[in-house]
Each structure stands twice: as structure tokens, then as C-alpha cells.
Amino acid sequence: MEIKLLFIFFSLSPILLLLFPFSFAQMSGFVSLDCGGNVNFTDEIGLKWTPDDKFTYGEISTISVANETRKQYTTLRHFPADSRKYCYTLDVASRTRYLLRATFLYGNFDNNNVYPKFDISVGATHWSTIVISDANTIETIELIFLVTSPTINVCLSNATTGTPFISTLELRQFNGSVYYTDFENDYYLSVSARINFGAQSNAPIRYPDDPFDRIWESDSSKKANYLVDVATGTQKISTNVSIDVNRNEIPPVKVMQTAVVGTNGSLTYRLDLENFPGFGWAVIYLAEIEDLAEDESRKFRLVLPGQPDLSKLVLNIEENARGKYRLYEPGVTNISLPFVLSFKLGKTSDSSRGPLINAMELNKYLEKNDGSLDGDAMSSVLSQYTSAELANEGGDPCLPVPWSWVRCSLDPRPRIVSIFLSSKNLTGNIPLGITKLTGLVELWLDGNMLTGPIPDFSRCPDLTIIHLENNQLTGSLPATLMKLPHLRELCVQNNMLSGRILSGHNNNLVLNYTGNINLHKGSRKGSDIEAIIIGSAVGAPILLLVTIISFLVTRKGKKKYNVKDHRVSHPSQSTVSSNNDDGPVEGAQCFSYAEIKISTNNFEKKVGSGGFGVVYYGKLDDGKEIAVKVLTSNSYQGKREFSNEVSLLSRIHHRNLVQLLGYCREEGNCMLIYEFMHNGTLKEHLYCPLTHGRSINWIKRLEVAEDAAKGIEYLHTGCVPAVIHRDVKSSNILLDRHMRAKVSDFGLSKIAVEGVSHVSSIVRGTVGYLDPEYYISQQLTDKSDVYSFGVILLELISGQEAISNESFGVNCRNIVQWAKLHIESGDIQGIIDPALRNNYDLQSMWKIAEKALMCVQPHGHLRPSMSEVVKDIQDTISIEKQSRRTSDELSRNSMHSSIKTSSTDLGAADNFLSIDESITLPSAR
Ligand SMILES: *[C@@H]1O[C@H](CO)[C@@H](O)[C@H](O)[C@H]1NC(C)=O
Ligand SMILES: *[C@@H]1O[C@H](CO)[C@@H](O)[C@H](O)[C@H]1NC(C)=O
Ligand SMILES: *[C@@H]1O[C@H](CO)[C@@H](O)[C@H](O)[C@H]1NC(C)=O
Ligand SMILES: *[C@@H]1O[C@H](CO)[C@@H](O)[C@H](O)[C@H]1NC(C)=O
Ligand SMILES: *[C@@H]1O[C@H](CO)[C@@H](O)[C@H](O)[C@H]1NC(C)=O
Ligand SMILES: *[C@@H]1O[C@H](CO)[C@@H](O)[C@H](O)[C@H]1NC(C)=O
Ligand SMILES: *[C@@H]1O[C@H](CO)[C@@H](O)[C@H](O)[C@H]1NC(C)=O
């Protein structure tokens, strides 16, 4: 726990430290970042500078430039000239306007004398291309904008020459609305010119004269541009009288106290407007700062080529401002301007004085780029994964260049198409933000320490490649993942995933899921593995000895069964066959061959051919009916083992297990004597209803299922050692005269198997019922019986045999595949036995269908125990009975007559159950 917290702290810290140093300033809303600096300091004019020393990218250089002694210009930070972007993230107050300024003083810091050229962006918006043209000149760019998010990102990228660098980054918060425009939600204002005319020095006016630290350039600092004192009659004027600027955020008084006048009647200017042509925002600031005589006037026009309407306007400052020393600021918020702006202020013919100008401001509209459509999703990803590598890249995920670990589409508003986060030490869950990247094609998250489940990626329909291997992911492979239509490559190996893999509709998928001990291949629509199992099982009958019945052996055996005249022991006595080489089998009655022969009337009536031999009907002297199973002669093991098994089996008593009454073993012939079950096998009832009258109804089927499940449950949990049946199938579920079910043939595979081949790993079972996991692993568990029982449940629902060449459609010979397909797609009606004729409660049908699917899960550990199955069947029976009672009541009420309810039947069943109550625990061997 502590370790994890520490990790989070350290991985967060780069961001926190990036953000927090900027949050303090001498004025609220001021950030003055001294790039490459290492101390806090306050400069000559009172601005408090902070170093960007927690910034993790780039390198620091110190420079020395003649005449530039300001500390913030003695350092800079530079970045590799690679394809990445390097971003500063600044905290801002949302819904306020800011001035953002970045400055660059090259100073030949890299001793290369290669003037750098690179791009700078704000968020996703290309702000400017910085072109250094003089090592000792500061390049300054400014942006005015309305902030809509809690942070802004300033990024350098795309170095075309030299090394990208930055000297200062400054943020100034406005608190009024001078810079409001109708377009501010979609456009920034990129500052082109802010000129203080008639300035008394070359030094610009800024903080503290301008409380917002706008820099008002002196018109005399760029004579070539502004032509002050160049054109004849152009004169500077100034006043010490304060100017009434009456509003916040207009030019500072000091700027307004100076001006230029055209004494010859006109002022002509020529400005190079960087970034233009384009649309801009333009304001000129005027205040009458000369004392005019009563009869004097100052009226002039602005003559702007291409703007005849503007030129019609006559400006009279005193009138417009309603007084001297008061501000008048005519302006246009949207005007098309050329790159070279020439304009003239010309006096009107009736004006006695020439034109005057104090200051002007020109800004260009810069269209905001809203950035990748995945910006929000990615912020949520970043908020979860804060490792330095990931989180420090900042800015838009795609623009102007993508983060180093993403790739984006080329759309105007790009989408993220690839994420490469292999081996980044990521912890926690897979961030849900990733699942919102609707254009995602490729996802690499392998080799991290990701935990938790794989989220639902169904919102990313283009996903083609997913790498999640070598993490600690848990849970199952979501079905939605397998349904992604374009998924080609899915690697999830070496996680802790579990469950089964449902194959999607996608045949070209390369899936690697090794190293997930609990994740196994399942099937939805005839998965390969299951198809292989069935194919092999059919093709390799040797492995399925139990399904092969030899009649020849029985006939051969008959010839030998004649001579010995041992006395027939009465079945009701516990007697011993004196001729038995190995002595009596403890607890089991030994019958002589002669006795069996008599009771079966010389093996006259064959009633079945079960797994291990043919079964004959017999009747003992006392009238007790028996079933004699003549074991295939070479299918049982040695005599001692046979005795042991028989002894064990004869002590297993349960009302739902067919009771072994005794045995007969003479001259190599082995027979097992069972109680006789009058109503034959469940299989016959399901598939040959005519031999037993009408087909059994749903509630009866449920009761049969309950009985059989209880019998198997007893084998698993009530016997010591536990008995695994190994051959649960509908022909081993027998029905007595009350139609109660008992399981037969349990324990026989044990007798028969190992002795014959000495290969204990030979798979036993019956095609169609065989647990695929047992088939593959040859590890037998009680869950193999559960699988087989699931198949029986499906048979009960559908009245279909476990294996059929015709019933299940093309490429599907197996009831499990067929039923699963229907049930999982919600089409249970498609598999319900028509013989049930809607005489069932759909809810109970669903419950059994779902339980059946649980039982036939490809992996044993996912299957329920028999005890759970019993309980669910009992619940289902009560649902079914409840629904019948309800419908009975309905019909009774409607008919106003009493109808016999099911309680009578129930009583009969209870009565029956009490008959065979003697259940004894077999003793341990
Ligand atoms: C600068 O000042 C801030 C807060 O006043 C402080 O947290 C930081 O450590 C200082 N940095 C340096 C380099 O002194
Ligand atoms: C540096 O400053 C000195 C005196 O202030 C001036 O003479 C010189 O022209 C300046 N040099 C540059 C490059 O600005
Ligand atoms: C990088 O800069 C070059 C030259 O300035 C420009 O042509 C190109 O479009 C820029 N690339 C990006 C991605 O902005
Ligand atoms: C912000 O505006 C208020 C009035 O709206 C004003 O009093 C205050 O001085 C302004 N702040 C700055 C820095 O100008
Ligand atoms: C303004 O005041 C300064 C000194 O306070 C003076 O030198 C200057 O001449 C005055 N300017 C005007 C226009 O009065
Ligand atoms: C992941 O952690 C290991 C060990 O702490 C470290 O050696 C490795 O550099 C880290 N990898 C990344 C990409 O942070
Ligand atoms: C699956 O992944 C494992 C472990 O990374 C590897 O050894 C194996 O070769 C991969 N299998 C396939 C088919 O790519």
C-alpha cells in the first residue's frame, strides 16, 4: 500500500510541480516564467519571476547578450529538434481573458549560429512560427484570449532549423471586457501591433504603468516602420496633465500623454503586420492633449486603402470624447487588413490643426483549433496514468503533433487511431477513457502492471490489434471484445484472466491467450477445439471402450456356463459360494451361475445392452425381479480387484442409485445383479416414447433430473472415497415403476478399466457426453460427471439425442454446440421439445437451460457442483409447480369448479420416497 502511494506521488509530482509554481505572482493572474532559470527573483519593474526548474524536458542554457541584462534573458530552455512537442501547462481561471506572451532571445546559446525556426502552439492551435533572424533580438509573441478550460498548454514543436527554445512565458489576466469580441469562442487575438505614439524614449511602456503589463512599444524604436520624425511636419507632443481614460484596461495614462501630430495636415504610416493579411481587430486611441484656442479645431479622416466607408468618418477628438484630456477610442472589431498596412490621417479642409494619434492596437484573429475529438477521453486517461512519460507531454493528444505514444488520423479534427503504451509501468485498471476512443485501431498496453478486468471496447468498432499481454488482468474476455468486427490480433497471454473464450464471428483472429491458467477456449458456434474433440472421439473408438459392446463374448461365455452344480444361495440370505477361489465378497451376495441361469430362464430376456455388457431380466425364487448384467469377459480386472469393487458398490445405497444386489463369478464369467427397474431408461422415454406410452411432461422431466442429480451428488459427496461415475448418460438413468429415476452403472468403469490395459489414463465415456477437458487433460474429476449431466439436461429440454447427424444442422452434430447457440442468442424456443406442447413455464425452462450451459462449460472449475445443480433443479420445480398452481387457480376460478391439484401427486411421490429410506454410508477401504 505504501509503495503504491509513493509511486503515485512521484508520478504525479511532475505535473503538480509544473502547475503549482505558476500559481503565485505579485498580482493575481500574473505568471512570469523564467525558462531555464533556477531562482525566484523580482525584476527592475517589480515583476516576480519563477524558474521553470521543475520542467522535466529539455536542457538549460545560459547566454550573454550585449545590452540585455535582464535576468530572465540570461537563461533559456531548449528542446530536442525531434518530432515531438514540448509543452508547458499553466493553470488559468476559466471564463476570463488573458494575455499570453512568449519571448525568445537566441543569443547563440548552442554556439551553432543556426537561427532556429520552429512552431509554437496553444493547445491544438498553431500560434506562430518562430523565426529567429538576429541572435541578439528578442522575439515576442502575444495572444489575447478567453479561457475556457482550467489549464492552457503552450507547446514547441516542428523544428525546421536549429534548436527550439524559449526564454520566458508570461500570463497576464485581464479583469474587464475591452478585448471582448463576438468571435472569442472561436478565435484568439494574436497581437500584431501595440504602439505608443510620440513616446519619449525607445523603452516600451509596460508594468507597472500598464496594470496588465501590456507592452506599448515606442514608435521611435522602429522608425523605419512608423516614420515618426521622418515625414516632414510629423511631431511628438506630450502633456503632464492626467488623461481621463475612464475605463479599466484602456491604455495607461502614460501612453495617452504622448502623441504625434501632423503639422502639415497629415500623418502617414506604414506598418508591416505580421501574420496578416487576414481579419483583425483594430483600435486607435485618441485624446486631445494640446490646448487649442477657442476658434481652433482638429478634425481629420482616417484614410485606409480599400476601406472607403471608414474614410468618410470625420474624427473630432474633443467632440467625440466630450472634452480635452479625455479618451476617445474609435475602432473596428472586424476588419480585413493587408500584410503591409499603409494608412493616412488627413485633416479636413475646415480643420485648423493637423491630425493627432496617441496609440493604436492591432490584433489578428487566429482561429482556434478545437483539437482532437478524443481530447476529453484522453484527459481522463491521463488523470489515471500519471507516470512522467505519459502525463508530461501535455497539450492536445494529436495537434499540432501527436503525443509520442499515440498516432492520430489526418482529419481536421483528428481521432486517435493507435496507442502505444507497452512497458510503461502502468498500474491500476485499464483506463476507461481508452474505451471512448471511437477511432481506435491499435492498442498496445502489454508489459505493464495493469490489473482489473478488460473493459468493454464495443465503442471502438475499428479496433484491429489489441495487445494486453504480460499484465495482471483478471476477469474474463468480454464477449464484446470477440465481436469487434475488424479484430485481427488479440494478445492476452500471461495475465490472470479466467473464463472461456467465446469465438466471435471472426475467423481471421489471431488470439494468444497462453499463460492464463483459468482462461480456456470455449465455444459459441462450433469452436475448433470442440470440433476436434468430437472428431477424434469418433475416429478413435479405442479410447472409448465403454461404448463398445461385444455380443460375441457373451455368447462364447454361455457355453462355459453350464457344469458346476454349486448350490444356489437364496438371495435373501447372506451366503457364500463355497466354490469361490477367493472367498466371499464382503457385504455382497454371491449368486451361483446356476441360480442366475434359472432366474433368467437361461438368459432369455435381454432388457438392455449397457456399457459393460448385456443385461437380462430375471426373477428370483422369492419373486424379486432382478437385472443381470453379464460383463464383457475381458473388460474387468483381476479377481481381487473385482471383489473389492463389488464389495464397495454393494454398500452404496441411495434411493436414486440402482442398487447392486450381488454378483456371480464363475470360471471367468462375471455378472452383476441389480434391482430391476421397470420403466427402462430415460433415453427410451425421450426418444422412443411409443414403447412407454406418451412422452413424459416437463415437470416429470424435472423430477427425473432431480433424482438423477441427487444420485450423482451422492456418489460425489456421500461416498468415501468419492465415486466418479464417468459414464453419466440418459441410457444410464433408469426409471422404476413409479417413474422415479435412479442412476445405474456407477463405479463400473473402475472395475472394468484399469485391469485390462494397465493404462489408467485411457479416456472413458460416451461420445456426446464426454467432458472435453477430461478428454484433453485425462484428469478425471467429479466435474466430468457434471458435464455429462448438463448434456442430459439439454436432452430433457429438447428431446434431442446428444449426438445426431441430422438434428443440429450443418457442421453441428453435438447437442451442446447446438443448444448453446440457441440459448445464448436468446432463442430458447428453438430447442424446446415440441412434445412438451407449451406445457411448461418458460421461466423454469430458462433456468434449466442456463444451468445446463453452466454444466457444459468447457472448464471444470467453471461448472457448478452437483449439489448446486440439485438445488437449482429443486428451485425450478417449485417455480414450475407455482406456475401450475396459479394457472390451475385461474382456470378453477373461471370455471367455478374444483380441479384436482398437483398436491395428490406430490403426496404419492413423498410416499414413494419413504419406501427406500435406508441409506448407509459405505465404509472407507
Ligand atoms: C520560488 O518560490 C516558491 C514559492 O514562493 C517556492 O515554492 C520555490 O521553492 C521557490 N523556488 C526557488 C528555486 O527558490
Ligand atoms: C548597447 O548599448 C549601448 C549604450 O547603451 C549602445 O551604444 C549600443 O548601440 C547598444 N548596442 C546595441 C546592439 O543595441
Ligand atoms: C513544420 O514546419 C514546416 C515549415 O515551417 C511547415 O511547412 C509544416 O507544415 C510544419 N509541420 C507541422 C506539422 O506543423
Ligand atoms: C479589476 O477590476 C476592478 C473593477 O472592476 C478594479 O477595481 C481593479 O483594479 C481591476 N484590477 C486590475 C488589475 O486592474
Ligand atoms: C512635465 O513635467 C516635467 C517635470 O515635472 C517637465 O520637465 C516637463 O516639461 C513637463 N511637460 C510638459 C508638457 O509640461
Ligand atoms: C519501470 O520501472 C522500472 C523499475 O522501477 C524502471 O527501471 C523502468 O525504467 C521503468 N520504465 C518506465 C518506462 O518508466
Ligand atoms: C503466445 O505467447 C507466448 C508467450 O508470449 C509465446 O511464447 C507464443 O509463441 C505465442 N503464441 C503465438 C501463436 O503467437
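If you're wondering where the values come from, they're calculated on a predicted model, not measured in any experiment. Each ligand, and each atom within it, is numbered from 1 in the order the structure gives.
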Query raised in the report: Can you list the ligand 1 atoms lying under 4.0 Å from a non-hydrogen atom of Asn38?
Result: 13 (C)
Report summary line: Within 4.0 Å of some non-hydrogen atom of Asp53, the atoms of ligand 1 are 13 (C)
Query raised in the report: Is a side-chain donor or acceptor of Asn512 paired with a backbone partner of Gln493 at a separation under 3.5 angstrom?
Result: no
Query raised in the report: Are any side-chain N or O atoms of Tyr73 and backbone N or O atoms of Ile138, one a donor and one an acceptor, separated by less than 3.5 Å?
Result: no
Report task. Using non-hydrogen atoms of the residue, decide whether Lys117 is closer than 4.0 angstrom to ligand 3. Result -> yes
Query raised in the report: Is the Phe79 ring parallel, tilted or perpendicular to the Tyr88 ring (thresholds 30°, 60°)?
Result: perpendicular
Requested in this report: Please name the pair of heavy atoms, one in Leu76 and one in Leu105, separated by the smallest distance, quoted to 0.1 Å.
Outcome: CD2-O, 3.5 Å
Query raised in the report: Closest approach of Val492 and Asn516, non-hydrogen atoms and distance?
Result: O-ND2, 2.9 Å
Query raised in the report: Under 4.0 Å from ligand 1, counting heavy atoms only, is it the side chain of Thr50, its backbone, both or neither?
Result: neither
Report summary line: If you scan protein heavy atoms around atom 14 (O) of ligand 7, the nearest is Asn512 ND2, 3.3 Å
Please indicate, with yes or no, if any protein heavy atom is found under 4.0 Å from [atom]?
atom: atom 5 (O) of ligand 7; result: yes
atom: atom 11 (N) of ligand 3; result: yes
atom: atom 2 (O) of ligand 7; result: yes

Query raised in the report: Which ligand 7 atoms, with their elements, are less than 4.0 angstrom from a heavy-atom of Thr514?
Result: 1 (C), 2 (O), 3 (C)
Report task. Ignoring angles and geometry beyond distance, decide whether Asn158 reaches within less than 3.5 Å of ligand 3 through its nitrogen or oxygen atoms. Result -> yes
Query raised in the report: Are Phe174 and Tyr98 close enough that their ring centres sit under 6.0 Å apart?
Result: no
**Report entry** Check: Phe109 ring centre within less than 6.0 Å of Phe165 ring centre
**Finding:** yes
Query raised in the report: Looking at Phe30, is Arg172 sitting on its ring face, NZ or CZ under 6.0 Å from the six-membered ring centre and within 45 degrees of the normal?
Result: yes
Requested in this report: Please indicate whether any nitrogen or oxygen in Asn40 is less than 3.5 Å from any nitrogen or oxygen in ligand 1.
Outcome: yes
